[in-house]
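Letters A, B, ... are given to chains in the order of the sequence lines, protein chains preceding strands, and every chain is numbered from 1.
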Amino acid sequence: MRADGAAGVSAERELIAFADAAVGRRADLAARRDAVRAVLGEEATLDAAAVIAGFDAITRVADATGIPLEAPKAEATADWRAALGIDSFRSAKV
Amino acid sequence: MRSGLAEALARADLALARSGVWWNAAERAAIVRETAAAAHCPLCARRRAAPIPQAVEGEHLSATDLPTAAIEAIHRIATDSGRLSRAWYRRTIESGLAEEAYVELVSVVALATARATFARALDRPLAEIRPADSREPSRRRPAGAKSGLGWMPMLAPEDVAPEDPPLYMTGNRIGGNVHRALSLVPEAMMQFWDVFEELYLPQAAMRDFGREYRAIDHAQIEMLAARVAVLNACEY
């Protein structure tokens with residue numbers, strides 16, 4: 001991650017805003033979709049929507065079945081999971 | 001739209017419309033309708049806003065005559081999956097939902113969520129799922145399923161019997177925990193992954209960084225995946 005908080009991924013601002021609007025059912029979804037389309041084109045917009053849809057689904061599979069993160073993955077990602085606050089998701093469960 | 005994606009979405013619609021292993025076609029179509037209804041449920045909205053969701057009592061705004069335990073499971077998975085717990089799962093099962101039926105329900109909710117999110121993201125119409133057959137579910141459970149990994153028994157690759165569907169062979173799935181999640185109902189697992197791997201990437205493409213398989217690159221795909229996981233508070 002860069003000092004300005006960006007990840008350095010092409011069109012990341014537009015893609016993140018698209019994901020936020022689509023998953024969050026926000027009123028600015030059409031504008032966020034158009035922004036991705038303007039920067040990356042129609043096929044990329046379709047594939048971005050597909051990834052968003054796929055992970056909106058698979059997160060529910062993971063969380064509704066109680067599967068643990070594999071130990072090697074947990075170890076390899078421990079630092080950035082803590083930095084991003086991901087560890088708090090599990091502790092928030094009651 | 002690339003043909004593989006269009007075909008996968010069509011297969012998802014067909015899978016949702018057909019009888020499953022634990023729910024018949026009419027019931028699966030009802031689960032799809034109930035998944036959509038959950039987005040407009042006042043009880044779910046109040047629970048999402050509450051620090052402890054189960055402390056908020058009430059009745060779901062239901063669109064179907066599915067059993068109460070199924071409606072509770074569908075609504076919570078659809079609206080607040082990141083705060084589900086083993087205790088909630090046990091209560092749901094003890095209130096009258098068989099574990100296998102729950103697993104197939106999860107797969108139907110997940111497929112319904114995928115097609116709905118895709119349609120919403122692109123402002124495309126979403127066809128209603130209508131029951132496509134009147135077949136009775138076989139209610140077959142894989143004999144090798146074992147407890148210990150997640151909340152319910154799961155079928156490890158080494159425990160797959162010849163009479164079981166080839167749930168890991170198809171797509172060269174490695175049998176990671178997320179692959180095993182739905183394995184108590186192998187057909188449900190295969191239906192979900194058949195669609196998911198086209199929405200995202202097949203197993204072999206995930207770490208093949210020398211080639212791009214989509215109109216967005218690996219970095220863009222993984223960034224979107226991580227963002228959606230965070231939005232849904234998914235620890236996995």
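Counting heavy atoms from C-beta on, the side chains of T65(A) and M154(B) come closer than 4.5 Å. Looking only at side-chain heavy atoms (C-beta outward), V51(A) and L199(B) stay at 4.5 Å or farther from each other. Inter-residue side-chain proximity for L40(A) and Q220(B) is flagged as met; some heavy-atom pair is nearer than 4.5 Å.
For the atom pair CZ (R227(B)) and CD (E12(A)), the distance works out to 10.0 Å, reported to the nearest 0.5 Å. Taking CG from L224(B) and CG from L15(A), the interatomic distance works out to 5.0 Å, rounded to the nearest 0.5 Å. Annotation: the span from D47(A) atom CG to R2(B) atom CZ amounts to 4.0 Å, rounded to 0.5 Å. Expressed to the nearest 0.5 Å, how far CG of L231(B) lies from CG of D20(A) amounts to 5.0 Å. Distance CE/M1(B) to CD/E42(A): 9.0 Å, rounded to 0.5 Å. For the atom pair CG (D56(A)) and SG (C234(B)), the distance works out to 11.0 Å, reported to the nearest 0.5 Å.
Here the closest heavy-atom approach between residue R33(A) and residue A121(B) is recorded as NH1-O, 2.7 Å. D63(A) and N232(B) get closest at one heavy-atom pair: OD2-O, 4.1 Å. Heavy atoms only, all atoms of each residue included: V61(A) and A110(B) are closest at CG2-CB, 3.6 Å. In terms of heavy atoms, T59(A) sits closest to A229(B) at CG2-CA, 3.8 Å. Heavy atoms only, all atoms of each residue included: L5(B) and L46(A) are closest at CD2-O, 4.4 Å.
With respect to chain A, the highest number of heavy-atom pairs below 4.5 Å among A219(B), A8(B), A181(B) belongs to A181(B). Each of R37(A), R25(A), E43(A) has some count of heavy-atom pairs under 4.5 Å with chain B, and the biggest count is that of R25(A). Among the candidates A112(B), A226(B), A116(B), A78(B), the residue making the largest number of heavy-atom pairs closer than 4.5 Å to chain A is A78(B). The choice from A19(A), A50(A), G54(A) that makes the most heavy-atom pairs within less than 4.5 Å of chain B is A50(A). Put simply, of A64(A), A22(A), A49(A), the one with the most heavy-atom pairs under 4.5 Å next to chain B is A64(A).
Contact of S183(B) with chain A is not made at all, since no heavy-atom distance falls under 4.5 Å. Interface remark: R60(A) contributes backbone and side-chain atoms alike to the contact with chain B (heavy atom separation under 4.5 Å).
Applying the 6.0 Å contact sphere to CD of E57(B) captures no more than 12 heavy atoms from other residues, nucleotides or ligands.
Applying the ring-ring contact (aromatic ring centres under 6.0 Å, His included) rule to pairs touching residues 15-70 of chain A yields F55(A)-F196(B), F55(A)-Y200(B), sequence neighbours excluded.
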